[in-house]
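Below is one structure; the comments refer to it alone.
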Amino acid sequence: MRIQLLFALTLQAGAFALIGSMTSSAQSASTDQAAYQRADALIKQMTLDEKLQLIVSNDPFIDSPGGGAGYVKGIPRLHIPDLNMSDSSTGSGSKNQLSTTFPATIAIAASWDRQLSFDYAAQIAHELRAQGFGMGLGGGTNLARDPRGGRIFEYLGEDPVLAGEMLAQRSLGTQSAHVIATIKHFAGNNQETNRMGGNSQVDERTLRELYLTPFEIAVEQAHPGSVMCSYNRLNGDYACENEHLLTDILKHDWHFEGMVQSDWGATHSTAKAINAGLDEEEGSEPGPTYFNRIDVLFALSSHQITQDRIDDMVRRKLYAMITSGLMDDPPKAGGKIDFEAATAFAQHAEEQSIVLLKNEHAQLPLAASRLRSIAVIGGHADIAVGTGGGSGDTLDPVSGFLTDCGGLQFGLHAGCDWWRTPWLKLAVPIVKAIQELAPDAAVKFGGNGDLDDPYRAYSKQEIDDAAVLAAKSDVAIVVVNQPAGEDFGEQASLGLANPSNQDALVEAVAGANPHTIVILENGNPVLMPWKDRVSAIVEAWFPGEGGGRAIARVLFGKVNPSGKLPLTFPARNEDIPTWGKDGSIAKDPVYAEKLDIGYRWYDAKQIKPMFEFGYGLSYTHFAYSNLVVSNAADHSMTVSFELKNDGPVTGAEIPQVYLGIRDQNEPPKRLVGWSKILLQPGESRKVSISISPRMQSIWSVDENGWKFIPGSHVYVGASSRDIRLQKD
Ligand code: BGC
């Protein structure tokens, strides 16, 4: 099935501009041809057995010789190198060499900074190469449909265009370091409940307009070498044997030339999966379950699959290896990593990603010279920060975990299982970083210092002691943490869960000191019953190895916060689109809210969230004026306006453009563009944002293609609800 050409200009020579302003491409058409020819020439020289060797990653997960997640054996006689792959969401998943833990991917989404996403990926990819990996599995981008989603910290938020553009830059950054970029988990893998096969039921329009769009943008702009199909079923078929998904859409409609690899253990058949478009089976132990020699040879001899398709599978792998540069320049393990520089970058990335959620009476920035005593309470802020668990985490971080699990996270003893381990020890934790910036103040830590059970609930005595410490301090900073991780499932509620009584701790401290600041370390939105009783709230996400200094520098105004929320923070559990009658999470979810994901839902239902999508404060203020919207004959649109920093300090603003599409099934607003602009006090700049026709289109099921809808309402705002300019 192929997309019909509803408007000619958007589909030319196999590529169409989803986003007017972004046109970068990893390779030219002629390089593609050369890579194909080279791959074909290699295939002609291969035996069938050699081909079959290249369609499996058949090493057991734990024992992969490269120390990563998987390994494809090369063919030395044809100079085809081994391909070692590693998880790399937030840093490398090497088990053999130390790695830097950078801020979680959701934090990078909160920076809305395309260049940062590129640089973040390039930094991680340099570490991957130094450890011998040629493929980075870090491009996760499943939209935050249910804000309780267990892996949201590994992804890029709730908006398909924000996620897609950040993913495209991430893929380009990875490939700039000659590492194959994998984007995942394709598709409809939006929850951990029933994670190995739940049937996501999503109508075609919703799929195209929301859940597939991030992948589509990345494929078009960045040509990632690999797409990982997911564990779940999508409308009946497993994602890794779903012909509509892998062949009709990915390979035909989007002209994807790279390979499709399964998630680990997500392959469920031989002939069906191969014919549907899966190119490589991953992660079965002790060898491939379905793409093994005997089953594939049987499928061939019984004409269930063709030799051409086997060649296509091999060609796609070789193509990814050639275009990424791996074929000629394979990485070698044991390389040197400059951890000091990497930690400095991790700090920079976190500084760009922190979101200031509340700042009453200009509580922040703190003036060090006026503070004699500072209380820092909770979150093991004297030693560590939170980080997400599972394959989205580094396995052997340079500064270590709070609980020593011997470098592996798979043991089941306290604090060391798949999701709970991740408290990252910091060389410069928050308490020390604050002391560095306020050398004359007494900085005291209070809270739970129990390192044997870092998730233990605060005792009544600890809460009382924290309140006493807060009462005698000039300012009280409380650090709260919401753990999350792969395979842990979803939290039942958005309330702070673990330790279970963190809300009581915040309430007690806020009751004792009117200058209470809360720092959040989390990957998901959380509820804040104490929001009106604290004076400032700082969203730090899972902040990575440079997190201590980054947080302190925001608190003291060395950095003016500029992040904006990449997902809605609801006021109540009951308000979320997937809550239903009782908040239970369906095993086979029906995406009944259709296009109303995230802010689209809150806008459509007129529900006020606690903090809306796109929201974030600054220490300065920005004024918007002079909106001009011009529509070209080719249906592209340019939105221009004046942005002025009319506040007291230098700062960056992220003006956002939303469209109200004139179609009865569309939610009130969709994000179509943004920019991140640094301005000195008093400085102003004309901002122009190009909007492609595709961004003004809906998916027409009847016509099986994109349909341009003229006359959209244009909104320009500092968030999805703080609209400063608009035009009908
Ligand atoms: C995860 C993938 C990951 C793979 C290899 C799976 O459990 O879902 O995201 O890349 O493991 O570690």
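Counting convention: from 1, in listed order, for ligands and their atoms alike.
For ligand 1, the atoms sitting less than 4.0 Å from at least one non-hydrogen atom of A69 are 5 (C), 12 (O), numbered in the order shown with element in parentheses. Close approach to W264 involves these atoms of ligand 1, each under 4.0 Å from a residue heavy atom: 4 (C), 5 (C). Atoms of ligand 1 found under 4.0 Å from any heavy atom of M228, numbered from 1 in the order shown, are 10 (O). Per-residue contacts place R195 under 4.0 angstrom from the following atoms of ligand 1 (heavy atoms of the residue considered): 7 (O). Close contacts of ligand 1 with D263, meaning ligand atoms under 4.0 Å from a residue heavy atom, involve 1 (C), 2 (C), 3 (C), 4 (C), 6 (C), 8 (O), 11 (O). Listed by atom number, the atoms of ligand 1 under 4.0 Å from H185 heavy atoms are 2 (C), 8 (O), 9 (O).
Between F542 and F153, the ring-plane angle classifies as perpendicular under the 30° and 60° cut-offs.
For the pair R151 and ligand 1, the shortest N or O to N or O distance falls below 3.5 Å. Between D87 and ligand 1, at least one pair of N/O atoms sits closer than 3.5 Å.
Y455 and W423 have their aromatic ring centers within a separation under 6.0 angstrom. Residues F569 and F613 place their aromatic rings such that the two centres sit no closer than 6.0 Å.
Judged purely by atom type and a 3.5 angstrom limit, Q175 uses its side chain to pair as donor or acceptor with the backbone of G225. Side-chain atoms of K251 come within 3.5 Å of backbone atoms of G277 as a donor-acceptor pair (strictly under, hydrogens ignored).
The ring-ring contact (aromatic ring centres under 6.0 Å, His included) pairs that include a residue from residues 162-192 are Y155-H185, F186-F215, F186-W254, where partners are two or more places apart or lie in different chains.
At a 4.0 Å heavy-atom cut-off, ligand 1 touches K184 through the side chain alone.
Residue contact check for ligand 1: M85 places no non-hydrogen atom closer than 4.0 Å to it.
For F133, there are no ring-ring contact (aromatic ring centres under 6.0 Å, His included) partners, not counting sequence neighbours.
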